[in-house]
Number of protein chains: 2
Amino acid sequence: MLVKSEQAITNADRTFFQLRKDIVEGIIPAGSKLSEMELSTKYEVSRAVIREAINRLATCHLVERKANVGARIVALSPEGLVQLYQVREALEGMAARLAARHMSDKEIADMQALLDSHFDKVKDGQSYYQEAGDVDFHYRIVTGSKNDHLISVLVDGLYHLVRMYRVQLGMAGPRVSTAFDEHRHIVNAIANRDEELAEMLMRRHILYSKNNIEKKLNHD
Amino acid sequence: MLVKSEQAITNADRTFFQLRKDIVEGIIPAGSKLSEMELSTKYEVSRAVIREAINRLATCHLVERKANVGARIVALSPEGLVQLYQVREALEGMAARLAARHMSDKEIADMQALLDSHFDKVKDGQSYYQEAGDVDFHYRIVTGSKNDHLISVLVDGLYHLVRMYRVQLGMAGPRVSTAFDEHRHIVNAIANRDEELAEMLMRRHILYSKNNIEKKLNHD
DNA sequence: TATTTAACTAATGTCGACAATATAGACCTG
DNA sequence: CAGGTCTATATTGTCGACATTAGTTAAATA
């Protein structure tokens, strides 16, 4: 559990983090409008701070702005989810390839140890750690790519939207053990410095994950 | 030549576009610091407008902000270029795959006609149209993917950085006819609805392009 | 002289007020 | 009554001033 802790320096930082949290967790409903005045009273900061926070949310694709009209939180849709996972497949596939190229032996060993500890918890039925473990795994691969653009787009951007879908559509579901095996195979490929295989396995892993979620959506 | 013409609504829009242009074209040198006061007098707008413009530039990865310190334009480096093209390879590869899946027959026919017209110009040695043609081609593939995330990240983000490298490192160079043939093959794969091939050809096309630029860089 | 500390300066962060714009509703007109 | 125009109002866009922070220079002490 070594996910970077982005710490707030300015007031705008704090407001941005708080707003993002409230949006991802659905405290502010998806699709709703964001009123600058309303938020500035609610979060007890000036409109300038709220505006900056909203602008940052727009860069994460969590809200959409229209000039002279305002911002509203994105609506969650099956098509949106599909498009999101298509981009994940492309970017994280490349991340796995680059991780196989650039991760140090120590980083790989640490990741293997991490999977071992996850295995113990999953074995004991602690599904609580499932999502945290999954997040941690993907995070390490992405940072292991050593590609700043990849890291930024995924960690600062898409992952929050992914979490928003997971939380609000209730994707805590199973696929635990199978996903865990897939993680193992990906790490093995990286340990063998097999870029081609690492990318392919990661892409399939994300594709399966998408299919799994889609199946659930259609059953509701 | 049907690249979307993003039109400025607000003052911040205009300032953002102008600043982006000046940065990409090197009028404001890469790596230099952006002073809010200085820019607000130079562009004759208030600091609030400049701040918003700078924030948007940060979204495109054209500038980097540090709290309580300020923003500076990114520095161009060989490593940065490599990382940029790695992301392009992943995203545009996926875009080509999705274009083969989602583009209408008419869109494909239009793109083929576009290549024909480019061919005439290239044949006549009008290398002036080379870059415009290249931009147009890639733009159509990306929008043809019908994936909003892909379109946004590439068109609003990475492409400007790509242009910045091209302009400032003087990448007007040849590789015209070979690149043109590669474009042809990609369009053919899309016309045949061969997703796998379309993605592979696009990835190789971008990989070749990167290698070509790297070779040039090392020869200077 | 080297080092630490303390003021000073210049930049960014934040705020409240004013200007410009879009939306809704009333009113007019065919 | 349908359609369009015009006004009213609420929201966003913009501005200048003030607060706070980082970096620098100068002073003081060991």
Side-chain angles (χ1 to χ4, degrees), chain A residues 5-23 27-75 152 156, chain B residues 5-23 27-75 152 156:
Chain A
S5 57
E6 38 183 10
Q7 67 176 355
I9 309 286
T10 97
N11 243 329
D13 291 337
R14 264 183 293 281
T15 309
F16 167 59
F17 293 147
Q18 185 65 44
L19 251 176
R20 190 179 62 188
K21 182 168 179 288
D22 292 347
I23 290 173
I27 296 173
I28 308 176
S32 61
K33 187 171 184 311
L34 291 178
S35 160
E36 294 181 0
M37 283 191 319
E38 190 182 329
L39 292 175
S40 80
T41 61
K42 182 175 174 183
Y43 290 90
E44 296 177 308
V45 287
S46 80
R47 264 187 62 219
V49 171
I50 292 289
R51 274 178 74 82
E52 176 157 347
I54 289 180
N55 279 331
R56 290 202 220 169
L57 290 170
T59 72
C60 317
H61 298 256
L62 287 176
V63 314
E64 287 168 355
R65 278 205 102 134
K66 252 176 68 181
N68 287 315
V69 174
R72 64 175 47 246
I73 303 180
V74 295
S152 163
D156 297 333
Chain B
S5 57
E6 37 183 11
Q7 67 176 354
I9 307 287
T10 87
N11 244 330
D13 291 337
R14 265 182 294 280
T15 309
F16 167 59
F17 294 147
Q18 185 65 45
L19 251 176
R20 189 179 63 188
K21 182 169 178 287
D22 292 346
I23 290 173
I27 296 173
I28 307 177
S32 61
K33 186 172 185 312
L34 290 178
S35 160
E36 295 181 359
M37 284 191 318
E38 190 181 329
L39 292 176
S40 79
T41 61
K42 182 174 175 184
Y43 290 90
E44 295 177 307
V45 287
S46 80
R47 264 187 61 220
V49 171
I50 291 290
R51 275 178 74 83
E52 175 158 347
I54 289 181
N55 280 331
R56 290 203 221 168
L57 290 170
T59 334
C60 320
H61 298 257
L62 287 176
V63 314
E64 287 167 354
R65 279 206 103 134
K66 250 176 69 181
N68 287 316
V69 174
R72 63 174 48 249
I73 302 180
V74 294
S152 163
D156 297 334

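We name chains A, B, ... by the order of the sequence lines, and we start the count at 1 in each one. Everything numeric in this text was worked out from a predicted model, so none of it was measured.
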- Message: Determine whether B:Gln18 and B:Asp22 satisfy the following criterion, side-chain contact (heavy atoms from CB on, under 4.5 Å), listing intermediate values before the conclusion.
- Response: CA-CA 6 Å; B:Gln18 185 65 45; B:Asp22 292 346; 3.3 Å; yes
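- The interatomic distance linking A:Glu36 (CD) with D:dA10 (C1') rounds to 13 Å, in whole Å.
- Both A:Gly70 and B:Arg47 lie near DNA chain D, and the one whose nearest nucleotide falls closer to the 5' end is A:Gly70.
- Atom-to-atom, CZ of B:Arg56 to C1' of D:dG13 comes out at 11 Å; the value is rounded to the nearest Å.
- Both A:Glu44 and B:Leu34 sit near DNA chain C, but only B:Leu34 has its closest nucleotide nearer the 5' end.
- Side-chain atoms of B:Asp13 come within 3.5 Å of backbone N or O of B:Thr10 as a donor-acceptor pair.
- Contact check, A:Arg65 against D:dG13: a side-chain N or O comes under 4.0 Å of OP1 or OP2.
- Distances shown here put a side-chain N or O of B:Thr10 below 4.0 Å from the OP1 or OP2 atom of D:dT14.
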- Task: Would you please test B:Arg51 and B:Arg65 for side-chain contact (heavy atoms from CB on, under 4.5 Å) and show each step?
- Result: CA-CA 11 Å; B:Arg51 275 178 74 83; B:Arg65 279 206 103 134; 3.6 Å; yes
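- Along DNA chain C, the stretch of nucleotides lying under 4.0 Å from any heavy atom of chain A spans, 5' to 3', C:dG13 to C:dT23.
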- Message: What verdict does the salt bridge (charged side-chain N to carboxylate O under 4.0 Å, His left out) test give for A:Lys21 and A:Glu6, after you've listed the backbone C-alpha separation in whole Å, the side-chain angles of each residue and the deciding distance to 0.1 Å?
- Response: CA-CA 13 Å; A:Lys21 182 168 179 288; A:Glu6 38 183 10; over 6 Å; no
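- Rounded to an integer number of Å, the gap from NZ of A:Lys33 to C1' of D:dA10 is 10 Å.
- Across the protein-nucleic acid pair, A:Lys66 atom NZ and D:dG13 atom P stand 12 Å apart, rounded to whole Å.
- With hydrogens and angles ignored, the 3.5 Å screen pairs a side-chain donor or acceptor of A:Arg72 with a backbone N or O of A:Gly31.
- Residue-level contact check: B:Ile50 touches neither bases nor backbone, having no heavy atom under 4.0 Å from any strand.
- Residue A:Thr59 holds its OG1 atom at 8.5 Å from NE2 of B:His61, rounded to the nearest 0.5 Å.
- The 5' end of DNA chain D is approached more closely, in terms of each residue's nearest nucleotide, by B:Val49 than by the other of B:Val49 and B:Ala67.
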